[in-house]
Amino acid sequence: MRIKGKAYINTIGCQMNVYDSEKLAGILNAYGYEKTKDVDTADLVLCNTCSIRHKAEEKAFSFLGRFAREKKRRPGLITIMAGCVAQQEGEKAFGRLPHLDIVLGTQAFARLGTHLDALAAGKRRIVDTAESDVIFEAMPDETAFDETAISKFVTIMQGCENFCTYCVVPYTRGRERSRNHAAIVEEITRLSESGIKEVTLLGQNVNSYGVKDGDISFPELLEKVSRVEGIQRIRFATSHPKDLSQELIEAMRDIDKVCNHLHLPVQSGANAVLKKMNRGYTRETYLARIADLKAACPDMALSTDIIVGFPSETQADFQDTMDLLRTVEFDSIFAFAYSDRSSAPAAKFPNQLPEAVKMARLNQLLTLQETYTEKKNQALIGRDVKVLVEGESAKQREGFDHTDMKQMFGRSETNKIVHFPSNQAVIGDLVTIRIENAYPHSLWGQVSGS
Ligand code: SAH
Ligand code: SF4
Ligand code: F3S
């Protein structure tokens, strides 16, 4: 195939976007574009966008805005907005970005080639935000394949029908669809054959995988993936607390390859707020699920997402969230100030809080969590953890005095970064490390038995 030029892809947003971008790279490659890391020499620039919060959306507009001038100089340059902002904005995207060539919605990826043909034939300002019930099946992405990669994301379902009142995803990604399990297992088998050791199964609510249109349940899928030879670790995200089944808890306990880490977004510790968010559980039912989890898997690491400053969140509501952090003692959290999204119902809720209040609460919450993150890391000192080696540490630890060894790093099952000296460990090895020191964001240890 004749090479048409070089393509630069910028990915903003969630792990699913990382996965989608690799598929888009695969399509572009099949169409004749080589991937480049140098945006200045690219002939095609694609931004895979996210609209979950205002800031993410602004990032997309400002990145793509940079090419207005360049496009005047080089009219042949192709600029594409793909993903959630594209789906949300459609035609309106040209208001701020008149130089854009293609607006490619979340369910239009498979038609990218057709749109590039139309562009070559002289069509301008192409918009495709058509919704589709069909899952965009995976395409091999040979060019993007990084030989040193040991871990990959695999999307197992698309869309979301939970309609949390603050969230744009049900509007940008459409109805919930589960991929066929055989296609997922086949994709993971192929990844394993190319050297991948760890997969993270992705969906907005993986626990409802297969409920509507699949053939097996999520715990059954975990079992099937665990039988793929060469795959050593399985992670998944995200589980919705309202659908966290006992069956899944047992699968996490019984399937060795499934990592001892659960990301279970709580969003708020106050029942009044949870109700307004339409989350479908209470503080009490959330805590009961956490208790079930800890009973089945005492070493399970827990992480969560929290939104502070939801419309009409009172100081007492916020204290309930602080208190929930003290009760659960998460290993880590992702916390966000509520961001008003015009397509989500909460934008019309009364009592929107001032930015300063949201920021103050966010800082308080993050400061409180630091104590627990550190406490959880400290508790690992003296213990052996299994680490999947990712490579050489970017920066050597101060006082590193092993002249005959390299400083390597990897991740524990509980998703913590572990650094250690070694002259043998190579990327992709699973090594046992005895933890000697704990820092706020990483651990230090020695290969156990050495
Ligand atoms: N499906 C997942 C989360 C997807 S979005 C779930 O239900 O947990 C990732 C996180 O972004 C959410 O968990 C939430 O904490 C945050 N988020 C979503 N919409 C937001 C908004 N409007 N403002 C601030 N944070 C938001
Ligand atoms: Fe958004 Fe709620 Fe769906 Fe998560 S479950 S993607 S927060 S609507
Ligand atoms: Fe963002 Fe869309 Fe993912 S809004 S978080 S890129 S599903």
Side-chain angles (χ1 to χ4, degrees), residues 10-21 24 47-60 81-89 104-107 109 129 136 153 155-177 201-209 236-244 262-269 273-274 276-281 286 303-311 313 321 330 332-349 352-353 355 358-359 361-362 365:
N10 179 12
T11 305
I12 301 169
C14 66
Q15 297 170 333
M16 280 175 229
N17 267 14
V18 174
Y19 176 83
D20 287 348
S21 284
L24 287 165
C47 184
N48 195 10
T49 62
C50 171
S51 60
I52 201 84
R53 285 170 288 276
H54 178 71
K55 233 196 217 155
E57 195 176 304
E58 276 311 301
K59 246 195 221 169
M81 174 193 264
C84 289
V85 180
Q87 187 69 30
Q88 176 185 288
E89 298 294 304
L104 192 71
T106 53
Q107 291 140 76
F109 294 170
T129 52
F136 164 52
F153 298 130
T155 292
I156 61 165
M157 57 201 297
Q158 292 173 349
C160 182
E161 282 167 30
N162 284 314
F163 292 97
C164 302
T165 54
Y166 50 81
C167 185
V168 295
V169 174
Y171 312 99
T172 60
R173 294 271 174 166
R175 67 173 276 269
E176 188 181 289
R177 289 95 74 206
L201 309 180
L202 299 178
Q204 294 297 357
N205 181 4
V206 289
N207 222 16
S208 58
Y209 171 81
F236 56 88
T238 303
S239 299
H240 194 301
K242 78 175 164 56
D243 300 318
L244 177 65
L262 187 69
H263 183 63
L264 197 63
V266 65
Q267 314 298 0
S268 169
V273 177
L274 288 171
K276 284 179 201 141
M277 287 177 163
N278 190 32
R279 287 291 288 177
Y281 54 85
Y286 182 88
S303 58
T304 200
D305 289 349
I306 288 175
I307 298 177
V308 297
F310 188 76
E313 180 189 74
T321 301
F330 292 102
S332 62
I333 65 166
F334 295 95
F336 312 99
Y338 167 73
S339 171
D340 217 20
R341 312 279 60 218
S342 58
S343 55
K348 297 190 186 69
F349 287 7
Q352 302 276 337
L353 301 189
E355 223 37 50
K358 293 190 221 171
M359 290 328 281
R361 288 182 185 172
L362 182 62
L365 194 84

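Each ligand, and each atom within it, is numbered from 1 in the order the structure gives. Here the structure is a predicted model, which means the values were calculated and not measured.
In terms of protein heavy atoms, atom 7 (S) of ligand 3 is closest to Arg173 NE, 3.2 Å. Closest to atom 25 (N) of ligand 1, if we only count protein heavy atoms, is Arg53 NH1, 3.3 Å. Considering only non-hydrogen protein atoms, atom 1 (Fe) of ligand 2 sits nearest to Cys167 SG, 2.3 Å. The nearest protein atom to atom 10 (C) of ligand 1, hydrogens excluded, is given as Asp305 OD2, 3.4 Å; this is a heavy-atom distance. The single protein non-hydrogen atom nearest to atom 14 (C) of ligand 1 is Gln267 OE1, 3.5 Å, given as residue, atom name and distance. Remark: minimum distance from atom 6 (S) of ligand 2 to any protein heavy atom is reached at Gln204 OE1, 3.5 Å. Ser339 O, 2.9 Å is the protein heavy atom nearest to atom 22 (N) of ligand 1. Considering only non-hydrogen protein atoms, atom 3 (Fe) of ligand 3 sits nearest to Cys14 SG, 2.3 Å. Looking only at heavy atoms of the protein, atom 5 (S) of ligand 2 is closest to Asn162 ND2, 3.4 Å. For atom 8 (S) of ligand 2, the nearest non-hydrogen atom of the protein is Cys164 N, 3.4 Å. Looking only at heavy atoms of the protein, atom 3 (C) of ligand 1 is closest to Gln204 OE1, 3.9 Å.
Atoms of ligand 3 found under 4.0 Å from any heavy atom of Gln204, numbered from 1 in the order shown, are 7 (S). Those atoms of ligand 2 with a heavy atom of Val169 less than 4.0 angstrom away are 6 (S). Atoms of ligand 3 lying under 4.0 Å from at least one heavy atom of Cys84, given by number and element, are 2 (Fe), 4 (S), 6 (S), 7 (S). Taking a cut-off of under 4.0 Å to the non-hydrogen atoms of His240, the atoms of ligand 2 that pass are 5 (S). Under a 4.0 Å criterion applied to the non-hydrogen atoms of Arg341, ligand 1 contributes the atoms 22 (N). Below 4.0 Å from some heavy atom of Phe163 lie the following atoms of ligand 2, by number and element: 8 (S). If you number the atoms of ligand 3 from 1 as listed, the ones under 4.0 Å from a heavy atom of Asn17 come out as 6 (S). Residue contact check: Tyr166 has heavy atoms under 4.0 Å from atoms 7 (S) of ligand 2.
Counting heavy atoms from C-beta on, the side chains of Val273 and Lys276 never come closer than 4.5 Å. The shortest side-chain heavy-atom distance between Thr106 and Cys84 falls under the 4.5 Å cut-off. The closest side-chain heavy-atom distance from Leu353 to Arg361 is below 4.5 Å. Two residues are said to be in side-chain contact when any heavy atoms from C-beta on lie closer than 4.5 Å; Tyr166 and Met277 meet this criterion. Using a 4.5 Å cut-off on side-chain heavy atoms (C-beta onward), Gln158 and Gln107 make no contact.
Among the atoms of Cys160, no N, O or S atom is found under 2.8 Å from atom 2 (Fe) of ligand 2. For a distance bound of 2.8 Å, the N, O or S atoms of Cys50 include none lying that close to atom 3 (Fe) of ligand 3.
When heavy-atom distances to ligand 1 are checked against a 4.0 Å cut-off, Tyr166 comes that close through both its backbone and its side chain. If you look at Pro265 next to ligand 1, the close heavy atoms, those under 4.0 Å, all belong to the side chain. Of the heavy atoms in Ala337, only backbone atoms (N, CA, C, O) come closer than 4.0 Å to ligand 1. Counting heavy atoms closer than 4.0 Å to ligand 2, residue Pro170 contributes side-chain atoms (C-beta onward) but none from N, CA, C or O. Contacts between Ile52 and ligand 1, counted as non-hydrogen atom pairs separated by less than 4.0 Å, involve both the backbone and the side chain. Of all the heavy atoms of Arg279, the ones lying under 4.0 Å from any atom of ligand 1 belong exclusively to the side chain.
At least one heavy atom of Arg279 sits less than 4.0 Å from an atom of ligand 2. Judged by the shortest distance from any of its heavy atoms, Ser51 lies inside the 4.0 Å radius around the atoms of ligand 3.
One finds a salt bridge joining Arg341 and Glu57 here, because a Lys/Arg side-chain nitrogen approaches an Asp/Glu carboxylate oxygen to under 4.0 Å. A salt bridge links Glu355 to Lys358: at least one charged side-chain nitrogen sits closer than 4.0 Å to a carboxylate oxygen.
To the nearest 0.5 Å, atom CD1 of residue Ile307 and atom SG of residue Cys167 are 8.0 Å apart. Of the inter-residue distances, the one linking Met16 atom CE with Phe153 atom CZ reads 10.0 Å to the nearest 0.5 angstrom. Remark: Thr165 OG1 to Lys348 NZ distance equals 11.5 Å, nearest 0.5 Å. Here the CD1-CG distance, from Ile306 to Leu365, works out to 5.0 Å after rounding to the nearest 0.5 Å.
For Ser268 and Glu313, the side-chain atoms include no donor-acceptor pair closer than 3.5 Å.
Each of Thr304, Thr238, Asp305 was scored for a side chain to side chain donor-acceptor pair (under 3.5 Å) with His263, with one residue passing: Asp305.
Between His240 and Tyr281, the angle of the ring planes goes over 60°, which puts this pair in the perpendicular group of the 30/60° scheme.
Judged by distance alone, with hydrogens and angles left aside, the side-chain atoms of Asn17 form a donor-acceptor pair with the main-chain N or O of Thr49 at under 3.5 Å. In this structure, Gln352 contributes its side chain and Ala346 its backbone to a donor-acceptor pair below 3.5 Å.
Taking the ring centroids of Phe336 and Phe310, they lie at or beyond the 6.0 Å cut-off.
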